[in-house]
Amino acid sequence: MDRPGCCGGAQTLRQLPGPDAFRRAPLRHGPLRVPPVRIVDAPRFAWRGMMLDVARHFMPKDGVLRYLDLLAAHKLNVLHLHLTDDQGWRMPVERYPRLTEVGSWRARTRQGFGGDARWEERPHGGHYTRDDLREIVAYAAARHITVVPEIDLPGHSQAAIAAHPRLGNTDVVDTSALRPWDRWGINPNVLNVSEATVEFYENVLTEVLEIFPSEWIHVGGDECPKEQWRASPAAQRRIRELGLADEDELQSWLIRHFDRWLAERGRRLVGWDEILEGGSAPGATVMSWRGYEGGLAAARAGHDVVMCPQQHTYLDWRQSEDPDEPVPIAHARTLRDVHRFEPVPESLTDAEAARIIGVQANVWTETMDSARAVDYMVFPRLAAFAEVAWSPRPGTVERDFGDFGRRMEAAHHARLDALGVEYRPPSGPRPWQRRPGVPGRPRDGAPPAR
Ligand code: ACM
């Protein structure tokens with residue numbers, strides 16, 4: 001994905017005259033002064049990505065364009081746009097206008113967790129136009145960033161089923177009563193795998209390919225509960241017809257279908273690590289999010305892998321144990337936890353390690369209802385992630401958190417300030433982040449190992 005080094009080089013040059021070079025307009029006239037330096041530098045990984053979930057909370061186009069500038073400033077080169085989920089569908093599909101007419105709005109939103117949760121009783125939603133998405137792609141390309149679109153299937157699909165009830169398991173649930181989901185978590189309402197549904201998604205992906213030139217197209221594949229397929233006579237008939245053993249194989253049949261379908265069109269499928277269950281699709285690239293295991297298994301089986309284990313790269317997780325931290329998801333994952341992320345475990349052979357084509361930070365937005373909230377959760381941790389994505393493997397040159405902290409203090413906070421990024425300050429949450437009446441709580445259970 002990397003092109004010649006002029007783009008990264010320009011970003012490095014921009015760091016030399018001081019933070020004002022990160023403003024949108026110069027404060028002073030006259031030449032910028034840069035010290036004489038010789039820099040020899042190259043990225044460690046070809047795929048240096050950030051996933052932005054615009055489905056749980058919609059981020060209007062301007063916010064996405066701004067994030068492309070922020071990714072470029074951190075020498076990241078992939079924006080993975082999570083365009084569909086249970087709670088919202090954000091890409092217009094000309095053939096199926098109800099996907100956005102019905103699927104892009106939910107009536108209300110859950111805030112907080114467990115017994116502390118409450119409803120925010122106002123609609124939330126929105127969607128891009130096709131031209132908005134083309135503009136995003138072009139703006140990204142001008143910054144050497146590839147936009148990888150994700151249409152999540154067969155789970156995380158309630159917004160699509162609400163728009164087109166025939167996509168659901170109609171023999172076990174009354175899908176006509178479904179609306180875009182107003183809760184968070186794993187949703188039992190998944191797609192059926194009939195020929196008609198497969199054709200529907202081929203038509204959707206045809207329009208995705210018209211807009212997004214990316215070699216990789218993400219089809220999700222994560223967190224698909226199989227209860228409805230187990231209960232559905234139609235799904236059981238389909239499993240028998242296709243000569244499959246069980247529901248896991250039904251999911252992997254679907255993923256293999258789209259792997260082949262995309263390959264026939266000169267594209268490549270990428271999916272979350274659940275796509276390995278029930279047998280992997282031959283051409284699939286795997287995003288390892290449930291820790292490292294999926295990525296290790298995939299690399300050993302000859303798949304390309306993007307490492308994004310949640311314990312290091314999930315920027316929706318709370319940044320500290322501070323009780324004033326804004327409504328958190330899951331366990332505390334500090335700046336240091338992100339900075340100590342090593343994407344290539346030593347147990348891999350050199351050939352297997354070469355399969356790890358990249359790394360990605362994931363920004364799920366259940367608790368982030370504004371660009372300010374996204375900034376707070378993403379920064380400064382994205383700066384630590386960018387260093388992991390770019391710099392050599394520790395052992396050759398050790399990643400030194402103390403040194404990183406000094407560089408943040410001496411220069412990078414000021415750059416983020418100049419960029420207008422409301423990052424989490426070292427002193428703790430910003431006052432506007434505290435929401436009276438919506439206390440946050442860490443998720444129960446033991447945290448996964450760092
Ligand atoms: C995921 O976090 N469900 C990929």
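Order of listing sets the numbers, starting from 1, for every ligand and every atom in it. Note that the coordinates shown come from a computational prediction; the quantities given were computed from them, not determined experimentally.
Listed by chain and residue number, the protein contacts of ligand 1 are D222, E223, W272, W289, Y314, W364 (heavy atom within 4.0 angstrom).
Residue pairs meeting the ring-ring contact (aromatic ring centres under 6.0 Å, His included) criterion with at least one partner in residues 148-174, sequence neighbours excluded, are Y96-H164, H164-F200.
Neither side chain, Q87 nor D182, offers a donor N or O lying under 3.5 Å from an acceptor on the other.
Less than 6.0 angstrom separates the ring centroid of H82 from the ring centroid of W364.
In this view, R355 and A299, D304 satisfy the side chain to side chain contact (heavy atoms under 4.5 Å, CB included) rule, not counting sequence neighbours. For E195, there are no salt bridge (charged side-chain N to carboxylate O under 4.0 Å, His left out) partners at least two apart in sequence or on another chain.
Classification of R267 and E210 as a salt-bridged pair fails, no side-chain N sitting under 4.0 Å from a carboxylate O.
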